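Keep in mind it's a predicted model, so treat the numbers as computed, not measured. Quick note on labels: first sequence line is chain A, next is B, and so on, each numbered from 1.
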Amino acid sequence: MPEGPEVETVRRTLKHFILDAKITSVDVFYDKIIEDDTALFKGVLKDQHIRDIDRFGKYLIFILDDYAFISHLRMEGKFNIKPQGSPLDKHDHVVFYLNDGRELRYNDTRKFGRMKLCDKLHYLSYPPFNKLGVDPHDAHVEDVYDKLHKSALPIKTLLLDQHIFVGIGNIYANEICFRMGMDPRTRGKRLSKKRVAQLISIGDEVLSEAIRQGGTTIHSFDANGIHGLFQVQLDVHMQKTCKKCHGEIKKIMLGGRGTYYCPVCQKRRY
DNA sequence: CGGTAGACCTGTTCGC
DNA sequence: TGCGAACAGGTCTACC
């Protein structure tokens, strides 16, 4: 699922359903998902209540009584809440058994997602968080400008760099460039301070709107029949026709990622 | 250090 | 229809 807005939707939904539930035990069917020793991970989580769920960028942080762990969904990770004993899906890799007869299941077709124990109180001061950038909502122009100004990489590639901004993924990077009226190939160093200020505010706007709409849900989060997640209205990503000028949307590769843009509306290079 | 392929996985879609 | 290549919401590593 996961760019920042989708992870935020998962966070809110999970929090709504499993806050204060107790983890009675954990099963792990694919060890690589757990970056710690699996036995340690299972042992630490046993009999802990889920007291809170935080998010930083695309990371979820589960806060327990005495410990905490982070979860990154990468490309296809999903959490589902199922009644105890309902049939396991082929791609369910981690199961958290809850004391109320439900199970929180981590499902991940491509097995890219990762979980790891972290410091409960000061996790932001340790890896991976201490090296990450800022949420566009909290960004300061000077800091971002300093980073962008040093780089010859395309701005669209820089938007994906989690050391600069957190939470922006491939879809929203494309959408942000479109809303900026900016060619995604524009080099970071070409952006003026004023343009960076605009980038921050449009970035914040795009992510906030997506959160309001419940994230772009293609593989829908399916917690106990809770649907109602809208699909975010996308302007360019995977589109054929430009919503503004009705011209053709072009697709190119930048930094190995599919990049969509309108050659008419995103002509300007700064 | 900056930047770019390749790796990690499975499933779906596209082209011949 | 079949079959391999390319691609998918992400990040790390190895290597110029």
Side-chain angles (χ1 to χ4, degrees), chain A residues 1-11 28-35 55-60 70-79 88-94 106-116 127-133 146-178 184-190 203 206-207 209-211 213-222 229-240 249-260:
Chain A
M1 315 190 114
E3 294 186 37
E6 289 72 37
V7 176
E8 176 61 16
T9 302
V10 171
R11 186 189 74 81
V28 177
F29 304 115
Y30 185 75
D31 277 351
K32 285 183 75 176
I33 302 273
I34 312 297
E35 294 191 340
R55 174 180 72 94
F56 189 76
K58 302 173 190 173
Y59 290 87
L60 287 170
I70 62 186
S71 167
H72 195 302
L73 276 26
R74 295 283 179 91
M75 293 290 259
E76 307 211 11
K78 289 172 276 294
F79 279 104
L88 271 187
D89 182 271
K90 182 181 178 184
H91 303 294
D92 283 343
H93 304 306
V94 183
Y106 178 72
N107 181 286
D108 190 342
T109 308
R110 292 172 74 181
K111 302 177 177 167
F112 283 169
R114 294 292 180 263
M115 293 180 202
K116 185 185 163 87
F129 301 109
N130 63 154
K131 287 179 202 145
L132 293 181
D146 285 347
K147 291 185 181 175
L148 297 182
H149 191 64
K150 287 182 199 141
S151 179
L153 286 176
I155 187 63
K156 192 266 186 167
T157 300
L158 293 168
L159 284 172
L160 291 175
D161 185 344
Q162 305 295 300
H163 303 286
I164 302 175
F165 289 116
V166 294
I168 300 174
N170 203 40
I171 293 178
Y172 297 119
N174 284 326
E175 294 299 310
I176 291 167
C177 288
F178 179 81
R185 295 166 295 185
T186 306
R187 313 254 167 205
K189 56 166 62 164
R190 306 276 312 271
V206 167
L207 297 188
E209 280 176 22
I211 289 172
Q213 295 172 64
T216 304
T217 308
I218 293 168
H219 304 293
S220 68
F221 179 74
D222 190 36
L229 297 179
F230 291 85
Q231 198 145 311
V232 171
Q233 183 67 31
L234 299 177
D235 287 332
V236 270
H237 189 263
M238 293 268 283
Q239 305 300 302
K240 292 220 63 173
I249 296 297
K250 282 238 150 58
K251 185 192 179 190
I252 56 173
M253 290 302 255
L254 281 184
R257 313 298 305 276
T259 302
Y260 298 81

Parallel, tilted or perpendicular: rings of A/His93 and A/Tyr30 (30°, 60°): tilted
Round to the nearest Å and state the distance from [X] atom [atom1] to [N] atom [atom2].
X        : N      : atom1 : atom2 : result
A/Leu254 : C/dA8  : CG    : C1'   : 17 Å
A/His163 : C/dT11 : NE2   : P     : 9 Å
A/Leu73  : C/dG9  : CG    : C1'   : 10 Å
A/Lys58  : C/dG9  : NZ    : P     : 10 Å
A/Glu35  : C/dT13 : CD    : P     : 10 Å
A/Leu159 : C/dG10 : CG    : C1'   : 15 Å
A/Tyr172 : C/dG10 : OH    : C1'   : 15 Å
A/Ile252 : C/dC7  : CD1   : P     : 13 Å

If only side-chain N and O atoms of [X] are considered, is one of them under 4.0 Å from the OP1 or OP2 phosphate oxygen of [N]?
X        : N      : result
A/His72  : C/dG10 : no
A/Gln162 : C/dG10 : no
A/Lys111 : C/dT11 : no
A/Arg257 : C/dG9  : yes

Within-4.5 Å side-chain heavy-atom neighbours: [X] and [Y]:
X        : Y        : answer
A/Glu175 : A/Val236 : yes
A/Met115 : A/Ile34  : yes
A/Tyr260 : A/Met238 : yes

Check for a donor-acceptor pair, side chain of A/Gln239 on one end and backbone N or O of A/Asp235 on the other, with a separation under 3.5 Å. no
Can you tell me if A/Gln162 uses its side chain to pair, donor with acceptor, with the backbone of A/Ile168 under 3.5 Å? yes
Evaluation steps, side chain to side chain contact (heavy atoms under 4.5 Å, CB included), between A/Arg185 and A/Ile252: CA-CA 10 Å; A/Arg185 295 166 295 185; A/Ile252 56 173; 3.7 Å; yes
Check every strand shown and say whether A/Lys150 touches a base, only sugar-phosphate, or nothing at a heavy-atom separation below 4.0 Å.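 The answer is nothing, as A/Lys150 stays clear of every strand by at least 4.0 Å.
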NA contact type, A/Gly113, heavy-atom cut-off 4.0 Å: base, sugar-phosphate, or nothing? nothing
With no hydrogens and no angle check, just 3.5 Å: does a side-chain donor-acceptor pair link A/Asn107 and A/Lys90? no
Toss me the dot-bracket line for DNA chain B: Watson-Crick and G-U wobble, both under 3.5 Å, 5' to 3', using | for pairs to another strand and [ ] for crossers. .|||||||.|||||||
Start and end of chain A contact along DNA chain B [non-hydrogen atoms, under 4.0 Å]: B/dG3 to B/dG11
Could you check A/Asn174 against A/Thr259 for side chain to side chain contact (heavy atoms under 4.5 Å, CB included), going step by step and ending with a plain yes or no? CA-CA 6 Å; A/Asn174 284 326; A/Thr259 302; 3.6 Å; yes
